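Heads up: the structure comes next, in structure tokens.
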Number of protein chains: 2
Amino acid sequence: MRTSSEEDYLKAIYALSNNNEGASTNALANHLSMKASSITDMLKKLSDKGWVHYEKYKGASLNIDGKAIALSIVRKHRLWETFLVNKLNFKWDEVHEIAEQLEHIKSNELVDRLDDFLGNPKFDPHGDPIPNKDYEITDSRKRSYLSEVKINREVIIIGVKDSSAQLLQYLEKENMILGKHISVVEIHDFDKSLRIAINGKELNISERVAQNVLVQTN
Amino acid sequence: MRTSSEEDYLKAIYALSNNNEGASTNALANHLSMKASSITDMLKKLSDKGWVHYEKYKGASLNIDGKAIALSIVRKHRLWETFLVNKLNFKWDEVHEIAEQLEHIKSNELVDRLDDFLGNPKFDPHGDPIPNKDYEITDSRKRSYLSEVKINREVIIIGVKDSSAQLLQYLEKENMILGKHISVVEIHDFDKSLRIAINGKELNISERVAQNVLVQTN
DNA sequence: ACTTATTTTTAGGCAAAACTAAATATTTTT
DNA sequence: AAAAATATTTAGTTTTGCCTAAAAATAAGT
């Protein structure tokens with residue numbers, strides 16, 4: 001058995017492990033809005049349980065079992081978000097908090113049935129890939145940030161880096177939603193803001209926004 | 001704010017308050033599978049929060065706010081059970097435990113949208129009435145236990161008293177499901193078991209089973 | 001009415017998961 | 001390479017929600 005709290009830590013380590021190394025104590029503390037000392041405590045416990053590789057002063061990384069758990073939580077989170085948006089008509093900026101609770105509901109049968117009920121979706125409402133029953137993520141699309149796209153190259157919006165309600169609401173208002181085709185018309189030297197073409201019109205967006213929009217480049 | 005544990009206690013007090021009085025410490029301990037001393041602790045806290053009327057040695061009853069919370073949990077529990085059975089094709093004996101978890105998810109918006117999504121059902125898969133958005137329960141059907149029905153009176157199965165998986169599976173096997181019309185053919189003096197007519201056939205059931213089946217008598 | 005049985009409360013303890021403050025490691029800067 | 005800054009751990013505390021064991025109150029039996 002495991003607690004919701006343990007699941008939160010495993011998910012955080014997964015989120016902060018960018019291919020390369022694991023996650024540092026401070027990064028985890030920041031991500032989870034907790035104090036570093038609390039992180040140290042829990043990392044010891046997770047290490048004892050065999051879910052995490054932890055060495056003093058060297059951060060933590062998931063081992064096989066821990067990664068499976070983390071992926072199962074991510075899978076649940078994204079399936080529930082999809083349910084909330086596709087079936088209950090929530091908007092994409094309203095579902096994160098609720099899914100944070102729903103992701104801890106324990107029942108494999110429930111998750112798999114929900115998956116089928118939703119038609120085995122590959123992506124959630126923010127464009128993030130949903131791990132399948134075997135916790136595999138298959139996403140062959142080449143992705144980059146809008147801030148890195150070359151001028152006049154047509155790309156498709158496929159996700160957001162940070163799915164905070166503020167960003168999502170902004171994008172919604174500008175109709176920069178998933179699936180839209182866009183291209184960068186001009187990059188302003190002064191502040192690196194972009195002029196983009198979308199929906200047959202042109203509009204300006206800040207570098208900050210562009211750094212948080214994921215686009216497909218193939 | 002309130003914890004899942006507090007919600008469990010309020011729900012238990014609600015369940016054990018049969019119109020008349022409130023619930024005793026021991027009854028709550030038994031219902032919640034906890035020790036009496038734990039109950040006393042929590043009753044003090046719930047009383048401080050203004051949700052429960054508690055007097056030493058005299059048990060506990062819900063006040064206005066506590067009853068509203070209890071009903072909101074009951075509403076969520078029954079709506080989620082309905083979702084699991086009607087949308088995810090769970091069987092009626094498989095949903096209780098999952099709904100025990102789901103009932104603690106916090107979001108009024110979620111509950112109300114779920115209610116609409118399900119078509120504002122009046123009863124859950126076990127025949128229990130679902131409180132509406134204002135926590136009102138409207139159920140004008142006259143109900144009694146099958147064990148108390150007079151011979152040859154036709155009645156309709158509308159619920160179960162105890163919704164344990166064992167009972168539900170038994171009823172399912174005998175096709176004694178909600179909505180079925182039945183009548184008592186004979187009552188055996190020896191053990192008070194019943195011979196009932198259902199689905200054009202006759203079958204025997206124990207007194208124990210009959211005491212747990214609710215039927216509509218009007 | 002008084003003794004026994006049952007119920008309930010009190011008192012003290014424990015584990016989980018967070019915290020603060022202080023101590024120790026590591027990293028960065030000069 | 002030493003000093004300063006930053007990161008991490010240790011040690012001790014708090015709160016929540018449960019527990020056991022013992023004490024006290026209430027209810028039941030003769």
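Here is the naming used below: chain letters follow the sequence lines, and residue numbers restart at 1 for every chain. Nothing here was measured: the structure is a model prediction, and the numbers come from that model.
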For the aromatic rings, using the six-membered ring if either is Trp, is the centroid distance between B:H96 and B:H126 under 6.0 Å?
no
Base-pairing mate for C:dT28 - Watson-Crick or G-U, with both contacts under 3.5 Å
D:dA3
With respect to the phosphate group of C:dT8, does any side-chain polar atom (N or O) of B:N26 fall under 4.0 Å of OP1 or OP2?
yes
State whether B:Y54 and B:K44 meet the cation-pi test: NZ (Lys) or CZ (Arg) under 6.0 Å from the six-membered ring centroid, and within 45° of the perpendicular axis.
no
According to a strict under-4.0 Å criterion, is A:S38 in side-chain N/O contact with OP1 or OP2 of C:dC19?
yes
Taking only the side-chain heavy atoms of A:K35 (C-beta and beyond), determine which of D:dC18, C:dT20, C:dT8 contains the nearest atom.
C:dT20
Under 4.0 Å between a side-chain N or O of A:K58 and OP1 or OP2 of D:dA7?
no
Please give, in whole Å, the distance from D:dC19 P to B:L32 CG?
10 Å
Does B:E148 pair with B:R143 as a salt bridge, N-O distance under 4.0 Å?
no
What pair of heavy atoms forms the shortest contact from A:D191 to A:E207, and how long is it?
O-CB, 3.9 Å
With a 4.0 Å cut-off on heavy atoms, is A:T25 in touch with a base, just the backbone sugar-phosphate, or nothing at all?
sugar-phosphate
Rounded to whole angstroms, how far apart are CE on B:M34 and C1' on D:dC19?
11 Å
Rounded to the nearest angstrom, tell me the gap between atom CD in B:E55 and atom P in C:dT9.
11 Å
Provide, to the nearest angstrom, the distance between the CG atom belonging to B:L43 and the C1' atom belonging to D:dC18.
14 Å
From CZ of A:R2 over to P of C:dA16, roughly how many Å is that when rounded to an integer?
17 Å
Whole angstroms only, please: what is the CE-C1' distance between A:M1 and C:dA15?
15 Å
Among D:dA21, C:dA21, D:dC18, which nucleotide has an atom closest to any side-chain atom of B:D41?
D:dC18
Any donor-acceptor N/O pair, A:D134 side chain to A:E136 backbone, under 3.5 Å:
no
Nearest-angstrom distance from the residue atom OH of A:Y57 to P of C:dT26:
6 Å
Phosphate OP1/OP2 of D:dC18 contacted by B:S5 side-chain N/O (<4.0 Å):
yes
Kindly point out which of C:dT7, C:dT10, D:dT10 is positioned nearest to the side chain of B:T40?
C:dT10
Does A:A36 or A:K56 map to a spot on DNA chain C nearer the 5' end, using the closest nucleotide for each?
A:A36
Return no unless some side-chain N or O of B:Y54 is found under 4.0 Å from OP1 or OP2 of C:dT8.
no
Would you indicate, yes or no, if C:dT7 has its OP1 or OP2 atom less than 4.0 angstrom from a side-chain nitrogen or oxygen of B:S24?
no
I need the NZ-C1' distance between B:K44 and C:dT8, as an integer number of Å.
10 Å
